[in-house]
Amino acid sequence: MIQTNYLIIGSGVAGLTFALKIANQFPEKKVCIVTKANADESNTKYAQGGIAIVTDIIEDSYEKHIEDTLICGDGLCDESVVEMVITEGPKRLKELIEWGAKFDENSKGTLDLGKEGGHSKNRVVHHKDQTGQEIQRAILSQVHLKENILVLDYHLAIDLITENNRCLGAYVLDEKTNEILTFQSDFTLLATGGIGHLYGHTTNPVIATGDGIAMAFRANADIKEMEFIQFHPTALYDASTGTSFLISEAVRGFGAYLRTKNGHRFMLDYDSRGDLASRDIVSQCIDLELKKSGDDCVYLDCTHLEMNAFIKHFPMIYSRCQNIGIDLAKDWIPVVPAQHYLCGGIVVDKTGKTSVENLFACGECSRTGLHGANRLASNSLLEALVYSDKIFNYLANTSFDKGQFEGKVTDWKLVSKPAINPDYVAKRKADLQLLMRQNAGIVRNDADLLKAKEKLTLWKNEIEEKINNYHINADLCELQNLITIGTLIVHQSIEREDNCGGFVKINS
Ligand code: FAD
Ligand code: SIN
């Protein structure tokens, strides 16, 4: 049994930031991060556009950023959370810079501010088109300097350990030895990120399988607003499933246009903000255009843009396109919507507390009330930074008492079982991804959702039987988690009657 004061599951911006702060505050306490792949692998690492923060108080204001966030969330944001998160942005940015993160500056020596869909002003602080990688690098290098932080990579949390609605730690699979370790912790933080690989076509890396939300659900935590899946309008078109390369919304903020195959700038037909309407609207319009035309993709036109400036701002996007034969000065980029982000998740209060005692959640796996029915671009990194600080502040002033829970954690019982056939897991995962794309995509209807519900019930029973009778491995755990997440999305989509933000249900 491994004892730690703080157990953090996940090493993206949410987990790393909290770890660093709590380890600084309490050098005598043990902080342990378990993470299921390389320590730097996360959705965070792939963030392109940047962090939405009001830094230019002449052109911009907190009020405007708050208003944009509320409009985008379509009436479902918690206004007090929106205000709290947005007004704390500058402090969190200062901290990132102190930890060594570098952000682009303009010729005046002030921060270069990008623009994205739904923003009325330029306010996106960025590091070229690789903001996430830069943030991850800076925070992780600080984490590695702390002697009281233990980072265990290739360790996948399987389940939380709970007793009487209190979290006492977690069971964790060491993916290299196949051993299941028991962690006893005073406080546990879920920072496990998104769910992209439930859909197959996603901008998320393969680690995004909703594990934290599924574990929290099994531990009876409140989970809400799972129906609000955000589809990013401009993933690079690729017919195969897996992770799609993102063409940042900041490219449209820089002046690129969306066009149909025939060259029509269709967004102007739908929204006065045109190409820079919020993400839910642009994705829904592309979906409609593709259904009308029968085409596989629409196009992003950058040919009229000043290429030297473009390359300076978006070097990764430029070189990715160049590598596959797209010359941005002459060619349009083929793009389609792809799953990108989950707005709902584990319900937390303003200090990051879940409904299970001593269990906290932060980042994409949490539902704070900031995003409502649709997240405003570049508000996600900001949310993770602000909430990891809120959780830190709360726990810095909270004492721990084992009380009646002393001795309640028992080691995982190891029983010898046969290995699962990997073909079963791969096939069921592909079936699940297809089902979610077809029956719970951008536009849904109750008949398809009810069919999906029936299938998911069968698969849930089937996977429980496999988990009980076969040796546990990472793929099997992730499949079980994906089925749980799919079930939550489908059930909550059936329950929601009104269309708003990223949720559209049309019953004929
Ligand atoms: P993540 O960064 O995803 O980290 C999750 C961590 O948990 C990973 O280390 C993972 O390995 C680990 N993990 C998961 N399950 C387990 C388990 N069972 N056991 C152990 N470890 C586990 N947002 C913005 O604000 N601005 C942007 O410009 C932006 N661009 C984006 C571009 C792309 C391509 C993508 C995919 C997302 C983008 N986002 C952006 C969204 C944003 O990056 C994420 O929402 C945010 O980084 C999530 O941070 P996180 O710490 O919550 O999760
Ligand atoms: C992007 O760069 O388009 C992604 C921004 C985000 O997800 O907030």
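Each ligand, and each atom within it, is numbered from 1 in the order the structure gives. What you see below is based on every heavy atom in this structure, not just the backbone, and it leaves out hydrogens, waters and symmetry mates. The model shown is predicted, which means the values in this text are computed figures rather than measured ones.
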Check: Between Y394 and F360, how do the two ring planes meet: parallel, tilted or perpendicular, split at 30° and 60°?
Finding: tilted
Notebook entry, point to check: Where is the nearest protein heavy atom to atom 36 (C) of ligand 1: which residue, which atom, and how far?
Noted result: N204 ND2, 3.4 Å
Checklist line | For G363, the ligand 1 atoms whose distance to one of its heavy atoms is below 4.0 Å | finding: 52 (O)
May I have the N/O to N/O pairs between ligand 2 and the protein that fall below 3.5 Å, each with atom names and distance to one decimal?
| unit_1 | atom_1 | unit_2 | atom_2 | d |
| --- | --- | --- | --- | --- |
| ligand 2 | 2 (O) | G49 | N | 2.9 |
| ligand 2 | 2 (O) | S248 | OG | 2.7 |
| ligand 2 | 3 (O) | H232 | NE2 | 2.7 |
| ligand 2 | 3 (O) | E249 | N | 2.6 |
| ligand 2 | 7 (O) | R279 | NH1 | 3.0 |
| ligand 2 | 7 (O) | R279 | NH2 | 3.3 |
| ligand 2 | 7 (O) | H340 | NE2 | 2.6 |
| ligand 2 | 7 (O) | R375 | NH2 | 2.8 |
| ligand 2 | 8 (O) | R279 | NH2 | 3.4 |
| ligand 2 | 8 (O) | R375 | NH1 | 2.8 |
| ligand 2 | 8 (O) | R375 | NH2 | 3.4 |
| ligand 2 | 8 (O) | S378 | N | 2.6 |

Margin query: Tell me whether the count of non-hydrogen atoms from other residues, nucleotides or ligands lying under 6.0 Å of OH in Y46 goes above 12.
Written below: yes
Check: Between A377 and ligand 1, which residue portion shows a heavy-atom distance shorter than 4.0 Å: side chain, backbone, both, or neither?
Finding: neither
Check: Quick check: does Y46 get an N/O under 3.5 Å from an N/O on ligand 1?
Finding: no
Next item on the list: Between I8, D211, T209, flag the one that comes closest to atom 15 (N) of ligand 1 by a heavy atom.
Entry: D211
Notebook entry, point to check: What residues, two or more places apart in sequence or in another chain, satisfy side-chain contact (heavy atoms from CB on, under 4.5 Å) together with K466?
Noted result: I420, Y424, E462, Y470, L476
Check: Is the closest N or O pair between G50 and ligand 1 shorter than 3.5 Å?
Finding: yes
Next item on the list: Evaluate whether atom NZ of K146 has more than 12 neighbouring non-hydrogen atoms of other residues, nucleotides or ligands under 6.0 angstrom away.
Entry: yes
Check: Considering only the protein, which heavy-atom contact is closest to atom 12 (C) of ligand 1, and what is its distance?
Finding: G10 CA, 3.6 Å
Next item on the list: Show your working on salt bridge (charged side-chain N to carboxylate O under 4.0 Å, His left out) between K64 and E67 and close with a plain yes or no.
Entry: CA-CA 5 Å; K64 286 183 188 131; E67 193 187 353; over 6 Å; no
Next item on the list: Consider ligand 1: state whether an atom of it lies below 4.0 angstrom from any non-hydrogen atom of G132.
Entry: no
Note to self: Less than 6.0 angstrom separating the ring centers of F254 and H313, yes or no?
What the structure shows: yes
Notebook entry, point to check: Which part of A384 is near ligand 1, with near meaning a heavy atom under 4.0 Å away: side chain, backbone, both or neither?
Noted result: neither
Notebook entry, point to check: Should the pair R375-E383 be classified as a salt bridge under the 4.0 Å nitrogen-to-oxygen rule?
Noted result: no
Notebook entry, point to check: What protein heavy atom sits nearest atom 1 (P) of ligand 1, and how far away is it?
Noted result: N43 N, 3.6 Å
Notebook entry, point to check: Nearest non-hydrogen atom to atom 25 (O) of ligand 1 belongs to which of I9, V172, L381?
Noted result: L381
Check: To the nearest 0.5 Å, how far apart are CG in D68 and CG in D60?
Finding: 8.0 Å
Notebook entry, point to check: Between D301 and R259, is there a side-chain N and carboxylate O pair less than 4.0 Å apart?
Noted result: yes
Next item on the list: Answer yes if the side chains of T203 and H340 hold a donor-acceptor pair under 3.5 Å, and no otherwise.
Entry: yes
Notebook entry, point to check: Going by heavy atoms, is H340 under 4.0 Å from ligand 1?
Noted result: yes
Notebook entry, point to check: So which protein heavy atom does atom 47 (O) of ligand 1 come closest to, and at what separation?
Noted result: T44 OG1, 2.9 Å
Margin query: Measuring from non-hydrogen atoms of S11 to any atom of ligand 1, is the shortest distance under 4.0 Å?
Written below: yes
Item checked: For E41, salt bridge (charged side-chain N to carboxylate O under 4.0 Å, His left out) partners two or more places apart -> K45
Notebook entry, point to check: Considering only heavy atoms, does K45 approach ligand 1 within less than 4.0 Å through its side chain, its backbone, both, or neither?
Noted result: neither
Checklist line | Atoms in ligand 1 flagged as close to R375, the criterion being non-hydrogen separation under 4.0 Å | finding: 23 (N), 24 (C), 25 (O)
Note to self: I'd like to know whether ligand 1 has T131 as a neighbour, heavy-atom separation below 4.0 Å.
What the structure shows: no
Note to self: Does any N or O of ligand 1 fall below 3.5 Å from an N or O anywhere on T203, backbone included?
What the structure shows: no
Check: Among the heavy atoms of I51, does any lie under 4.0 Å from an atom of ligand 1?
Finding: no
Notebook entry, point to check: Which of these passes side chain to side chain donor-acceptor pair (under 3.5 Å) with K36: H155, E175, E478?
Noted result: E478
Margin query: If only side-chain N and O atoms count, and only distance matters, is there a donor-acceptor pair under 3.5 Å linking H126 with D112?
Written below: yes
Note to self: Suppose I only count heavy atoms of V34 and a 4.0 Å limit; which atoms of ligand 1 are within that range?
What the structure shows: 20 (C), 21 (N)
Check: Which atoms of ligand 1 sit under 4.0 Å from any heavy atom of G49?
Finding: 28 (O)
Item checked: Residues forming a side-chain contact (heavy atoms from CB on, under 4.5 Å) with V504, sequence neighbours excluded -> Q284, V443, N499, I506
Note to self: For S378, state whether at least one heavy atom is located under 4.0 Å from any atom of ligand 1.
What the structure shows: yes
Check: If we ignore angles and hydrogens, is there a donor and acceptor under 3.5 Å between the side chains of H232 and T202?
Finding: no
Next item on the list: Please could you name the atoms of ligand 1 that A157 approaches to less than 4.0 Å, counting only its heavy atoms?
Entry: 17 (C), 18 (N), 19 (N), 20 (C)
Note to self: Heavy atoms only: which of Q136, E364, E249, K36 lies closest to atom 13 (N) of ligand 1?
What the structure shows: K36
Margin query: For S42 and Q136, which I'm curious about, is there any donor-acceptor pair between the side chains at under 3.5 Å?
Written below: yes
Next item on the list: Hey, can you tell me if F310 and F314 have their rings parallel, tilted or perpendicular (30° and 60° cut-offs)?
Entry: tilted
Item checked: NZ/NE/NH1/NH2 to OD/OE distance under 4.0 Å, E116 and R279 -> yes
Margin query: Just to be sure I read this right, does ligand 1 sit under 4.0 Å from the backbone of V13, its side chain, both, or neither, counting only heavy atoms?
Written below: both
Notebook entry, point to check: Has E88 got more than 12 heavy atoms of other residues, nucleotides or ligands less than 6.0 Å from its CD?
Noted result: yes
Margin query: Rounded at 0.5 Å granularity, tell me how far CH2 in W412 sits from CG in D159.
Written below: 6.5 Å
Note to self: Tell me whether ligand 1 is touched by H232 - counting only heavy atoms on the residue side and a distance under 4.0 Å.
What the structure shows: no
Notebook entry, point to check: Which residue and non-hydrogen atom of the protein lie closest to atom 41 (C) of ligand 1, and at what distance in Å?
Noted result: S380 OG, 3.9 Å
Check: Is it the side chain, the backbone, both or neither of N379 that has a heavy atom closer than 4.0 Å to ligand 1?
Finding: backbone
Notebook entry, point to check: Just by distance, with hydrogens left out, do N374 and Q230 show a side-chain donor and acceptor under 3.5 Å apart?
Noted result: yes
Note to self: So for Q230, does at least one of its heavy atoms come nearer than 4.0 angstrom to any atom of ligand 1?
What the structure shows: no
Margin query: With heavy-atom distances below 4.0 Å as the criterion, list the atoms of ligand 1 near T35.
Written below: 9 (O), 11 (O), 12 (C), 20 (C), 21 (N)
Next item on the list: Specify side chain, backbone, both or neither for E116, according to which of its non-hydrogen atoms lie closer than 4.0 Å to ligand 1.
Entry: neither
Item checked: Identity and distance of the protein heavy atom lying nearest atom 53 (O) of ligand 1 -> G193 CA, 3.3 Å
